[in-house]
There are 2 protein chains.
Amino acid sequence: MSETKEKIVSLADKLIRVKGFNAFSYKDISDPLQVKNAAIHYHFPTKSDLGMEVLDKELRSLEENSAKWKKLPEDEQLIKFCGVFRKHCNNGNVCLMGSLAPDYETLSPEMQQKVQQMAATILEWMTGCLEQGRKHKRFRFKGDAGDRALLVISNLQSSLLLSRVLGPSAFNRISRQLLEDLGA
Amino acid sequence: MSETKEKIVSLADKLIRVKGFNAFSYKDISDPLQVKNAAIHYHFPTKSDLGMEVLDKELRSLEENSAKWKKLPEDEQLIKFCGVFRKHCNNGNVCLMGSLAPDYETLSPEMQQKVQQMAATILEWMTGCLEQGRKHKRFRFKGDAGDRALLVISNLQSSLLLSRVLGPSAFNRISRQLLEDLGA
DNA sequence: GTCTATATTCCGATAGAC
DNA sequence: GTCTATCGGAATATAGAC
């Protein structure tokens, strides 16, 4: 992938997280890169094509991380996962799910399906992490691991949304108590 | 408030929850009400004015509910609160915070301040409910009640976002486990 | 209070030169 | 791969008649 194309995707990712998919425009990308909007359309004919590339990049990042963390104890894996959210919080970002889920009904069918895939991938990873971690006595929690995974994911997702409105202390308080509850 | 004006606000509320604030247009309101967009602008000169009315209505609804539930045991109050979210889930809605927080940076300063106020109001109510409920032995949980309130709010908020993508089982699983954790 | 009509701006997208 | 130029459409918003 060309350098310009990578910059476009990276900027689009940032814009989705800060302004939302429907609120950013090609001008928000072409201006900082000092090109014309036609240049963006050359790389990504439609806005949906651009959104798809952002989602594909995020999915690859998820796979890379889970592979990279595979040998770590599960509690450390979860702390790494929280660290990704912490970094986004510090950068004023929300997560892609938190940004795209409210806009879901306005997205192209392709993007809807990809968002679905992303949600399923995250849920699957988190469920496995919690299940294995409990088996290895590194977590303690009641109930089904899949249900617990949904709780943890929703905590982290909304911690970034709430931090937007209430300040970054929301993320700190949520992530700290979350890990303590699990005994991590 | 005139009947038309109320219909406009009610429809705007629905549109914010389904499509997002930046994705809906005056046409989405004027068409179903069979009026022209100028009629909407007569009642609400700017889109921000309309958004403010939706937020004010939600704040009044929050105050009404908390007053109406004041005499109930705290666990029943929380179940009532979850019921509001359940209803939204069944209607394909997300909550106002879940919709407006991702768009926060694109909102007018007035709306930003009102969203902040709404978040603070919800957090305050939930903190009090949990704190009193624990004192009265109707909840059991560890740590600060304010931290726990943030966790519960983020669970409910994201349960609607995830239900958009993964289907309504996400809400059911999250709300059920959430109440069980609290011993409610 | 609602209408017609329009101003203004912006957006996504495309054609064709270079 | 990027440019100029432009199309077609949609959005918010306003002026003035009724």
Side-chain angles (χ1 to χ4, degrees), chain A residues 1-55 99-100 102-112 114-115, chain B residues 1-55 99-100 102-112 114-115:
Chain A
M1 182 147 49
S2 75
E3 196 178 335
T4 303
K5 198 169 178 180
E6 279 181 3
K7 282 183 187 169
I8 292 169
V9 176
S10 170
L11 203 41
D13 178 281
K14 176 72 178 173
L15 285 163
I16 291 174
R17 302 178 120 105
V18 172
K19 299 182 65 173
F21 186 77
N22 290 318
F24 88 85
S25 73
Y26 277 55
K27 198 172 185 301
D28 293 323
I29 296 177
S30 56
D31 277 355
L33 298 187
Q34 287 177 298
V35 293
K36 299 302 169 182
N37 75 353
I40 319 289
H41 279 286
Y42 166 78
H43 293 286
F44 303 100
T46 73
K47 202 178 179 184
S48 172
D49 294 326
L50 177 52
M52 286 296 280
E53 188 59 44
V54 170
L55 283 166
S99 174
L100 294 175
D103 296 343
Y104 191 77
E105 300 293 336
T106 73
L107 302 179
S108 67
E110 292 81 17
M111 282 189 70
Q112 288 186 340
K114 191 68 76 175
V115 169
Chain B
M1 180 147 49
S2 75
E3 197 178 334
T4 303
K5 197 169 178 179
E6 278 180 4
K7 283 184 185 169
I8 293 169
V9 176
S10 170
L11 202 43
D13 177 282
K14 176 70 178 174
L15 286 162
I16 291 173
R17 301 179 120 105
V18 173
K19 300 182 64 173
F21 187 76
N22 289 316
F24 89 85
S25 73
Y26 278 55
K27 197 169 185 302
D28 294 324
I29 295 177
S30 56
D31 276 355
L33 297 187
Q34 288 177 297
V35 293
K36 300 301 169 183
N37 73 356
I40 320 289
H41 279 286
Y42 167 78
H43 293 286
F44 302 100
T46 73
K47 202 179 178 183
S48 172
D49 294 327
L50 177 52
M52 287 296 280
E53 189 58 44
V54 171
L55 283 166
S99 173
L100 294 175
D103 296 343
Y104 191 76
E105 300 293 337
T106 74
L107 303 178
S108 68
E110 292 82 16
M111 282 189 71
Q112 289 186 339
K114 191 67 76 176
V115 170

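Reminder, nothing fancy here: chain letters follow the sequence lines and each chain counts from 1.
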Cation-pi, F24(B) ring and K47(B) (6.0 angstrom, 45 degrees):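 The answer is yes, since K47(B) meets both limits relative to F24(B).
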Minimum-distance nucleotide (side-chain atoms of A38(A) versus dC3(D), dT4(C), dG1(D)):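 Taking heavy atoms from C-beta onward, the closest nucleotide is dC3(D).
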Whether D31(A) side chain and D28(A) backbone form a donor-acceptor pair below 3.5 Å: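 No; zero donor-acceptor contacts below 3.5 Å.
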Please state how far atom [atom1] in [X] lies from atom [atom2] in [N], giving the value in whole angstrom units.
| X | N | atom1 | atom2 | answer |
| --- | --- | --- | --- | --- |
| L33(B) | dT2(C) | CG | P | 10 Å |
| I8(A) | dG1(D) | CD1 | C1' | 10 Å |
| F44(A) | dA13(C) | CZ | C1' | 16 Å |
| K36(A) | dA13(C) | NZ | C1' | 17 Å |
| Y42(A) | dT4(D) | OH | C1' | 18 Å |
| I29(B) | dA13(D) | CD1 | P | 12 Å |

Distance test, side-chain N/O of T4(A) to OP1/OP2 of dT2(D), below 4.0 Å: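 True: T4(A) side-chain N/O within range (under 4.0 Å) of dT2(D) OP1/OP2.
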Minimal non-hydrogen separation, V9(A) against L50(A), with atom names: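 Heavy atoms of V9(A) and L50(A) come nearest at CA-CD1, 4.4 Å.
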Pairs meeting criterion side chain to side chain donor-acceptor pair (under 3.5 Å) with involvement of residues 1-13 of chain B, two or more places apart: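 Residue pairs with at least one partner in residues 1-13 of chain B: D13(B)-R17(B).
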Test item: L15(A) and F21(A) side chains (from C-beta on) under 4.5 Å apart, heavy atoms: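 Of all side-chain heavy-atom pairs linking F21(A) with L15(A), none is under 4.5 Å.
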Sugar-phosphate only, base, or nothing, as touched by Q34(A) at under 4.0 Å among non-hydrogen atoms: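 Sugar-phosphate contact only.
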Atom NZ of K14(B): over 12 foreign heavy atoms under 6.0 Å: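 Correct, the count exceeds 12.
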Distances under 3.5 Å between nitrogen or oxygen atoms of protein and nucleotides 9-12 of chain D:
| from | atom 1 | to | atom 2 | distance (Å) |
| --- | --- | --- | --- | --- |
| dT12(D) | OP1 | F24(B) | O | 3.4 |
| dT12(D) | OP1 | K47(B) | NZ | 3.3 |
| dT12(D) | OP2 | Y26(B) | N | 3.0 |

